[in-house]
Amino acid sequence: MKFLMLVCWDAKKMDAQTEPVPTDTPDKTSFPWLDDLQARGRWVTGDQLAPPRRARSVRVRGGKAIVTDGPFVETKEAVGGFDIIECESLEEAVEIAAGHPVAKTGTIEVRPLWGE
């Protein structure tokens, strides 16, 4: 089964981050949690998201698109990244989420993909 992990943490800290500088050299920084999941064949894909200040929320009302800056809901935590993992059960996915470094200061929401 595949599971989506929504990685949420402090929105103000995310907005305070400086923009990454584009480079042709891949980042070789080790991330032990991810390294372990890749070695076990559990990680499918994932990435960090740009900060909430760069987000746009889109709603269609009366056939017209309404676009607002930032996340739709005011909250202290915002989605800052995601991972898609493949596990045998929800329990295994929760165990993996509990090991994510952000789980110590933020929230990891785990959901099975609908078609799984």
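This structure is a prediction, so every number in the text was calculated from the model and none was measured.
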Testing the basics here: between [X] and [Y], what is the closest heavy-atom pair and its distance to 0.1 Å?
X      : Y      : value
Glu77  : Gly106 : OE2-CA, 3.4 Å
Phe3   : Cys87  : CE1-CB, 3.9 Å
Pro52  : Ala78  : CG-CB, 3.8 Å
Val102 : Cys8   : CG1-O, 3.7 Å

Quiz item: Got a sec, which residues hit side-chain hydrogen bond (donor to acceptor under 3.5 Å, both in side chains) with Trp43, two or more places apart in sequence or on another chain?
Solution: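 side-chain hydrogen bond (donor to acceptor under 3.5 Å, both in side chains) check on Trp43 returns Asp83.
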Quiz item: Going through the checks in order, is the side chain to side chain contact (heavy atoms under 4.5 Å, CB included) test met by Met1 and Leu113?
Solution: CA-CA 8 Å; Met1 294 178 73; Leu113 296 185; over 6 Å; no
So, the side chain of [X] versus the backbone of [Y]: is there a donor-acceptor pair under 3.5 Å, distance only?
X     : Y      : value
Arg56 : Asp69  : no
Asp15 : Arg53  : yes
Trp9  : Ile108 : no

Quiz item: For the atom pair CG (Asp47) and CD1 (Ile84), what is the distance rounded to the nearest 0.5 Å?
Solution: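 Between atom CG of Asp47 and atom CD1 of Ile84 there are 11.5 Å.
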Heavy-atom side-chain contact between [X] and [Y] under 4.5 Å:
X     : Y     : value
Lys2  : Ile85 : no
Arg42 : Ile96 : yes
Val67 : Ser57 : no
Gln17 : Gln48 : yes
Arg59 : Thr68 : yes
Phe82 : Val7  : no

Self-check item: Residues forming a side-chain contact (heavy atoms from CB on, under 4.5 Å) with Asp36, sequence neighbours excluded
Solution: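 So Asp36 forms a side-chain contact (heavy atoms from CB on, under 4.5 Å) with Arg40.
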Exercise. Output all residues satisfying salt bridge (Lys or Arg N to Asp or Glu O under 4.0 Å) with Glu95, sequence neighbours left out; order by chain, then residue number.
Key: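 With neighbours one apart ignored, the set is empty.
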Practice problem: State whether the number of non-hydrogen atoms from other residues, nucleotides or ligands found under 6.0 Å of Glu88 atom CD is greater than 12. | Solution: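 Incorrect, the count does not exceed 12.
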Quiz prompt | Glu19 vs Arg54, side chain to side chain contact (heavy atoms under 4.5 Å, CB included): CA-CA, chis, key distance, verdict | solution = CA-CA 10 Å; Glu19 297 292 323; Arg54 300 232 345 243; 2.5 Å; yes
